[in-house]
Amino acid sequence: MLVGSHLSIAGGMHLAVQEAQRLELDCVQVFTKNQRQWKWKPLADEEIKAFRAAVHDAGWHTNPERRLVSHNSYLVNLASPDAEMRAKSSALQLQETERCEQLGIPSCVMHPGAHLGTAGNAVDEEAGIRRLVTELDAIHRSTKGYSTVTCIENTVGSGTNLGGPLEHLARIRAAVKNPERVAFCFDTCHATAYGHDMSTPAKAKSFWQSFESVVGRAHVRVIHANDSKGALGSHLDRHENLGGGACGKSCFATLAHMLVFRHVPMIMETPKEGKLRGRDPDRANAAWLRALALAMFACVSVTMLGGCRPWAKSDAELTAARVGAVAPTAEESDRLRRAQSVADRGDYQEALGEFRALLTENPRLVDVQVAVGSITLEQGDIRAAQRSYEAAIQADPRNVDAHIGLARTHLAAQRNDDAVRCYRQALVLAPTDMRAIAGIADALERSGNRSAAIPFLERLAADAGADADAWSRVARAYLIAGRAAEASAAYEEAVTLGEVSEGTMDGLIAAYTAESRFAEASSAGSEFARRWPSAAASERAAWLAFRAADYDRAIVAYRHAAEQDHRSIKAWNGIGVCALNSWLLSDRLDGGAREEARRAFEQSLAVEPAQPQVEKLLRTYAP
Ligand SMILES: [Zn+2]
Ligand SMILES: [Zn+2]
């Protein structure tokens, strides 16, 4: 999760980046000029240089789209019916875009403006949207090749302002000529004040479901995390500290937990004056927001760990039980180190001999027990390994390595439930131990408990060094748990991270299909068939293209499948149906298509005569 704030540029734009650093924020939003004035001074070279240097010093230059946001001037109204006002607005918005590009700011937030007709009148709204789209197209045309994306912000929808209903946002993006230059900024305060209710987990979930189907979460490039002083549906645009307004905690918790937003800058436009809970308000609000993201994992782990309390002992209990461990003497440490390096060379027998000699003299050397456990486990002697780890735990119940080692012996013996218990015990002691997190995820998956593995898989994927496999794994778990949207997002992450495997691509297609995103599923399906050709892959690509209503692509893929496997009735029937379809779409004028359908159905019946439906199609349409 990336938390930032709208910060002042007084004294120089670069100071905002430095201030964000001082406040330990992940991202920042700025005005690139006085937001209440029509006039502007071009940016001086030194200003640009200083800003870019500050961004570089912060290490933000590698992923500026996650770090830097600009907010345009409040005066701009591209939806205005007044031609002069519109021209002025357009010139100013063009300048906003130019400045972003010069500064390397990839997102420029803009309000959609007001149509100034009759509030709520659908015709006036449509006219306003059309004017806005025309101006946006002109701006994007004259800034061709720029990387700055215009992010239309949702609004409280007061008066004749556009952008309250989600449909407005969707219609704007659907109408522009360069949709790749248009994305959205989602403001939680504006949404709540408009009347979008996210105040309980169920309401937040249902809101985001409709957002997904109307607008698409993937097009949200900036989030404004503000609470609302005004009540739900009040149409009042007054920002409040997080947790103190009408949005509700679940509004923010849902944002914090959605995987698709994990790299989207969340900018707080909350009050900056005075102190909040004794701290700088930005720090206090950021801490509140970040705690929600952490709470997700803590909450899940506590529930899970709570379920096995009789077994998993608390830290204090373990400390009290710690009876037999002793630290090795200097001489023992020396021998231990030597034996360890012998083991590292791969000479297990010699190392074991030395370790065991040490234990005979002093059986309470826990590190030695753990070392013996790891060697014997490596050698496949599960019983011996288990004995060593258990002895180590008995001497020092707080030894994380011993709990993890014991878990591994259980895994090796396919005692998955026992392994889960041991990993949980390790996690009580060391909640962030990645070996334990990876291990418990593994053990839960193997014991068929896939949905319980999800929070741990999420942790692995969220780790800084996570690779495509980690994402692919969590994606598969989501998919099996029926969480298709999250599965798609995680698979997409896996695809962007590295060499795409057959399994990942397969999962991505399944996730898109489960979400009924057939256009994307179809592209992925074609790509799959190209990389890993088979009749089955071509058939799937064809079926997906058909579902996406891309009949030309579908029939080509079915023909390909029939070439790959002459006896595939699915392929022949697919060709038949597609060809018949295009004959019907041609008002029955395309005789060639009907002929192709006839031949395909006949081929199919030659392979498998017992297909009454195919026979019926043939009789009805191509007698
Ligand atoms: Zn705004
Ligand atoms: Zn905002």
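Numbers here simply count residues along the sequence, with the first being 1. One-based numbering, in listed order, for ligands and for the atoms of each.
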Centroid-centroid under 6.0 Å between His111 and His71 rings
yes
Looking just at side-chain N and O atoms, do Asp282 and Ser5 make a donor-acceptor pair shorter than 3.5 Å?
yes
In chain order, what residues pass the salt bridge (Lys or Arg N to Asp or Glu O under 4.0 Å) check against Glu520, with sequence neighbours excluded?
Arg517
Side chain of Asn226, backbone of Thr188: donor and acceptor closer than 3.5 Å?
no
Test item: Thr160 side-chain N/O and Leu116 main-chain N/O as donor-acceptor pair under 3.5 Å
yes
Anything protein N/O/S under 2.8 Å from the Zn ion (ligand 1)? Just list residue and atom, please.
His71 NE2, His111 NE2, Glu153 OE1
Value rounded to 0.5 Å, distance of OG in Ser70 from CD in Gln29
7.0 Å
